[in-house]
2 protein chains.
Amino acid sequence: MEDQTRPRRERILDAAEELFALHGYDGVTLRQIARRAGVDVALANYHFGRKLDLFQAVFERRAAFLNNARREALHRCQGEAGETGPTLEQIIEAFLRPLELAQETGDTGWRHYLALIAYINNSPYWGPKMMSHLFDALVQEFIEALGKALPDARREDLYWCYQNLSGALTLTLAQTRRIDNLSGGLCRSADLQAAYDHMIPFVAAGFRKVCSSRAEL
Amino acid sequence: MEDQTRPRRERILDAAEELFALHGYDGVTLRQIARRAGVDVALANYHFGRKLDLFQAVFERRAAFLNNARREALHRCQGEAGETGPTLEQIIEAFLRPLELAQETGDTGWRHYLALIAYINNSPYWGPKMMSHLFDALVQEFIEALGKALPDARREDLYWCYQNLSGALTLTLAQTRRIDNLSGGLCRSADLQAAYDHMIPFVAAGFRKVCSSRAEL
DNA sequence: CAGCGTATTCAACGGTTGTTGAATTTGCAA
DNA sequence: TTGCAAATTCAACAACCGTTGAATACGCTG
């Protein structure tokens, strides 16, 4: 059920990550988590304290790594672009590809982790409590870069476009397999390369349309 | 807390709708719902049976009305367009505007209902169980229409673009107020007209970019 | 092997959950 | 008013929840 050689503390995080991503915070029991980790119930409390602290520990385990990967991708494309700055597509690519890479790792934990991010980002309850603490600084950096690539954009238009990007990304991270059913098997949620290969030009075209000079809405 | 003149059965649905939208299925107690409705716990079971049946009753109450409104909007723009068929923007408008209209009603129940739709659409657990039953027929009609407006589009590209549209819409329906914080008050989640006025050209440009003739990804 | 701190389990607690059957109230027809 | 069915409440059930303190096992240093 779970790799019995890993340290128990990690196994609890793994199990919590997966189950929280699938059923949400209230849909999962500490006893379910413990059973999946092959561990006694009380051990979760011993290592993490209250249930809510375990929930947050799951986020913090991978947050720094993920933010660094995305920030480095942005800085790299900025460095390569030089004076003129990177193109819209390059910025969006820097924002999205690190996620695809993480999802395609052998470590399935990343898939669960990003599905969990999708869960809180879409939740009116958790979203305000957790998203800004985790991602605000990084997102503002990207919006800054997008503004330079679209010099005529109004500030508010950039934020609305970012919300559209964030929503499209969130649904892909959630891995609901809805597109599998809808397309009759023609598209598969698990085909992440196809997902991002379609998302990047889609989103870039949207930004350009809405944020180009003197665009009338 | 809740309009005491409405029939109790409706008040239970109202309370369930609002609380489920905010906290999800497992995050809400039948006792919380009953208290909010000003009613005894057992009454929910009397009217709806198990908790899961109440959950589904919430969806079915407004599903037919919503699907009819969107289908009529599509048929209307198809009728007006005549031979050539409606433009991409007109189809997307028919898909989205009925939602904006519902959200802007005095009836706040619609806002909660659509936030609940966002919750299940983004959930790996509920999505497959509920979305296709509720919306598949309607969505296929829209994809059909989109395919006619983009005659060179490959079938799979249409579905991937629809997923991007669905994601952007879902995050807006969820009403998480994240954009309010992120933009420092410049944009407000509650400003639905601004949300849809930005979403429609954004999405239309994305479809065109990805689905136009011989586009290379 | 002794000793000691950490990791893990055991057993139990008070509180809450969904659900139910019986009792009570309500609304309306005869 | 009586009678009867639908609506609503009351009281209680077994099951499960998160959490805790004490007891046990483990892993290391001396």
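Below, each value reflects all heavy atoms present in this structure, side chains not excepted, and no hydrogens, waters or symmetry copies. Residue numbers start from 1 in every chain, and the chains themselves are labelled A, B, ... in the order their sequence lines are given, proteins ahead of strands.
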S.K.: Test of understanding: with salt bridge (charged side-chain N to carboxylate O under 4.0 Å, His left out), list the residues that count as partners of D26(A), not counting sequence neighbours.
M.R.: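 Applying salt bridge (charged side-chain N to carboxylate O under 4.0 Å, His left out) to D26(A) gives none.
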S.K.: Could I get the full list of salt bridge (charged side-chain N to carboxylate O under 4.0 Å, His left out) partners for R71(A), not counting sequence neighbours?
M.R.: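 In terms of salt bridge (charged side-chain N to carboxylate O under 4.0 Å, His left out), with neighbours along the sequence ignored, R71(A) is linked to E141(A).
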S.K.: When you measure from the side-chain N and O atoms of R9(A) to the phosphate of dA7(C), is any distance below 4.0 Å, counting only OP1 and OP2?
M.R.: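 So the side chain of R9(A) is outside the cut-off, no N or O lying under 4.0 Å from OP1 or OP2 of dA7(C).
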S.K.: Taking atom types as modelled, find out whether S132(A) and N181(B) have a side-chain donor-acceptor pair closer than 3.5 angstrom.
M.R.: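 No, N181(B) and S132(A) have no side-chain donor paired with an acceptor closer than 3.5 Å.
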S.K.: For R155(B), look at atom CZ and say whether over 12 heavy atoms of other residues, nucleotides or ligands are found less than 6.0 Å away.
M.R.: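 Yes, enclosed.
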S.K.: Could you check whether R62(A) pairs with D107(A) (Lys NZ or Arg NE/NH1/NH2 to Asp/Glu carboxylate O, under 4.0 Å)?
M.R.: yes
S.K.: Using a strict threshold of under 4.0 Å (side-chain N to carboxylate O), is an ion pair present between R50(B) and D53(B)?
M.R.: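 Looking at D53(B) and R50(B), the cut-off is not met.
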S.K.: Below 4.0 angstrom, which residues in residues 11-19 of chain A have at least one non-hydrogen atom near DNA chain D?
M.R.: none
S.K.: Using nucleotides 25-28 of chain C, report all nitrogen or oxygen pairs with the protein that are shorter than 3.5 Å.
M.R.:
none

S.K.: Once you round it to whole Å, what is the distance between P of dT8(C) and CZ of R6(A)?
M.R.: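 The answer, rounded to whole Å, is 14 Å.
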S.K.: Between the side chains of N122(A) and T170(A), is a donor N or O closer than 3.5 angstrom to an acceptor N or O?
M.R.: no
S.K.: To the nearest 10 degrees, how far apart in direction are the end axes of the helix from dG3(C)-dC28(D) to dA30(C)-dT1(D), each fit to five base pairs?
M.R.: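 The angle separating the two end axes equals 0°.
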S.K.: Measure up the F142(B) and F95(B) rings against each other and bin them: parallel (under 30°), tilted (30 to 60°), perpendicular (over 60°).
M.R.: perpendicular
S.K.: In whole angstrom, give the distance that lies between atom CZ of F48(A) and atom C1' of dA7(C).
M.R.: 13 Å
S.K.: Which class fits the ring pair F202(B) and F207(A): parallel under 30°, tilted 30 to 60°, perpendicular over 60°?
M.R.: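 Judged by the thresholds at 30° and 60°, the geometry between F202(B) and F207(A) is perpendicular.
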S.K.: Aromatic ring centroids of Y196(B) and W160(A) under 6.0 Å?
M.R.: no
S.K.: Quick one about W126(B) and Y25(B) (side-chain donor to acceptor, distance below 3.5 Å, no hydrogens or angles considered), yes or no?
M.R.: no
S.K.: Strictly under 4.0 angstrom, non-hydrogen atoms only: write out the protein contact profile of nucleotides 13-22 of chain D, one letter per nucleotide from the 5' end, B, S or -.
M.R.: ----BBBB--
S.K.: Can you confirm whether H133(A) is buried at NE2, in the sense that more than 12 heavy atoms of other residues, nucleotides or ligands lie under 6.0 Å from that atom?
M.R.: no
S.K.: Can the ring centroids of F55(A) and F20(A) be said to lie less than 6.0 angstrom from one another?
M.R.: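 Close enough - the centres of the two rings lie under 6.0 Å apart.
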S.K.: Under 4.0 Å: is that the gap between some side-chain N or O of H47(B) and OP1 or OP2 of dT8(D)?
M.R.: yes
